[in-house]
Amino acid sequence: MQKLKKEFYLQNDAALLARMLLGKIVVTDFNHQYTAARIVETEAYAGIFDRASHAYNGRRTERTEIMFDEGGIAYVYLCYGIHHMFNIVTNKKNRPDAVLIRGVEPLHGTEWMLSRCNKSKMDASIGRGPGNAGKALGISRQHTGRSLLTNDFFIADDGFEVNNIMTGKRIGIDYAGPHALWLYRFFIKDHPQVTRHPFNKTAIELL
DNA sequence: CTGACGATTCACT
DNA sequence: GTGAATCGTCAGC
């Protein structure tokens with residue numbers, strides 16, 4: 001299992017990175033609670049020209065400043081006062097791109113995931129949806145800005161080959177107007193940890 | 001300081 | 001498909 005290097009995160013095509021992150025493994029080992037899960041659904045948020053992005057039009061705030069930093073760190077923010085959304089910051093400094101991790105397949109440390117999700121046995125909801133994915137991995141707002149090149153928080157490649165990649169419209173960004181039509185969501189076809197949504201029906205398979 | 005809202009989830013009809 | 005939960009963030013005054 002190979003930890004992704006800094007150069008990977010510095011690439012400038014957020015959509016391509018979102019697609020390449022499918023099949024990779026998120027590893028967290030906070031407080032000696034080792035958990036690992038395979039990424040099965042992502043969304044790209046592409047810099048200052050993307051109306052769906054928090055960094056649209058170059059908006060810098062205390063919260064979004066982290067997106068303007070160099071790739072290879074986490075951007076985690078609170079949504080609806082409940083859900084901690086885990087993003088991977090990409091691209092060079094002052095190019096505020098990010099990839100939202102929307103779904104993961106649990107691989108290791110399922111006992112920790114169960115306790116974090118207040119469940120007694122595994123089911124498809126563990127890791128499904130951006131809120132649940134971060135929750136299962138123990139990622140919360142306090143991890144925003146954290147490097148993904150450390151030993152307790154990183155992304156790895158185990159050589160797994162993803163076959164059926166689908167792409168479609170991003171979810172929950174109606175406010176983005178025409179940019180809501182961009183095919184910036186990527187997921188593994190028919191995977192149990194992929195968000196159930198009407199957009200899945202209009203998604204198309206990549207060759 | 002205030003009000004409106006959100007890159008969601010879950011239970012329920 | 002509909003609606004409530006819940007609070008940090010942000011723009012505006």
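Chain naming here is simple, since letters A, B, ... match the order of the sequence lines and numbering starts at 1 in each.
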task: Return the 5'-most residue of the pair A:P198, A:E62 with respect to DNA chain C, ranking by each residue's nearest nucleotide.
output: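 Of the two residues, A:P198 wins.
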Report which part of the nucleic acid [X] touches: base, sugar-phosphate, or nothing (heavy-atom distance under 4.0 Å, all strands).
{"X": "A:N87", "value": "base"}
{"X": "A:L100", "value": "base"}
{"X": "A:L78", "value": "sugar-phosphate"}
{"X": "A:R170", "value": "nothing"}

Distance below 4.0 Å between [X] side-chain N/O and [N] OP1 or OP2:
{"X": "A:R59", "N": "C:dA11", "result": "yes"}
{"X": "A:T61", "N": "C:dT9", "result": "no"}
{"X": "A:R185", "N": "B:dA7", "result": "no"}
{"X": "A:R63", "N": "C:dC10", "result": "yes"}
{"X": "A:R102", "N": "B:dT8", "result": "yes"}
{"X": "A:Y175", "N": "B:dA7", "result": "yes"}

message: Can you confirm whether or not the ring centre of A:H143 sits under 6.0 Å from the ring centre of A:F30?
response: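 Between A:F30 and A:H143, which both carry aromatic rings, the centre distance is below 6.0 Å.
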message: Between A:Y45 and A:Y75, is the ring centroid distance below 6.0 Å?
response: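 No, ring centres 6.0 Å or more apart.
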Rounded to the Å, how far apart are [X] [atom1] and [N] [atom2]?
{"X": "A:F86", "N": "B:dT8", "atom1": "CZ", "atom2": "P", "result": "16 Å"}
{"X": "A:F199", "N": "B:dA7", "atom1": "CZ", "atom2": "C1'", "result": "12 Å"}
{"X": "A:R196", "N": "C:dT2", "atom1": "CZ", "atom2": "P", "result": "21 Å"}
{"X": "A:M85", "N": "C:dC7", "atom1": "CE", "atom2": "C1'", "result": "15 Å"}
{"X": "A:M67", "N": "B:dA7", "atom1": "CE", "atom2": "P", "result": "11 Å"}

message: Looking at C:dA5 and A:Y80: do their rings stack (centroid distance under 5.5 Å, interplanar angle under 30°)?
response: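 So A:Y80 does not count as stacking on the base.
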message: Please determine whether any donor N or O and acceptor N or O are separated by less than 3.5 Å between the side chain of A:H54 and the base of B:dA7.
response: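 For A:H54, whose side chain was compared with the base of B:dA7, there is a donor-acceptor pair (under 3.5 Å).
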Spacing of the C1' atoms in B:dC5 and C:dG3 (rounded, Å):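 After rounding to an integer number of Å, I get 16 Å for this pair.
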- prompt: Is A:D152 salt-bridged to A:R146, going by a charged N under 4.0 Å from an acidic O?
  reply: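 Yes.
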- prompt: Would you call A:D50-A:R170 a salt bridge at under 4.0 Å N-O?
  reply: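 Salt bridge: yes.
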message: Only pairs with both distances under 3.5 Å count, Watson-Crick or wobble alike; so what is the partner of C:dA5 in this structure?
response: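 Looking at the geometry, C:dA5 pairs with B:dT8.
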Atom CD of A:E62 with >12 non-hydrogen neighbours under 6.0 angstrom: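 Counting neighbours around CD of A:E62, 12 or fewer heavy atoms of other residues, nucleotides or ligands fall under 6.0 Å, so no.
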- prompt: Is A:R95 atom CZ crowded by more than 12 heavy atoms from other residues, nucleotides or ligands, each under 6.0 Å away?
  reply: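 Not buried by this count: 12 neighbours or fewer within 6.0 Å.
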Among C:dT6, B:dT8, B:dA7, the nucleotide that comes nearest once only the side chain of A:I82 is considered: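 So the side chain of A:I82 is nearest to C:dT6.
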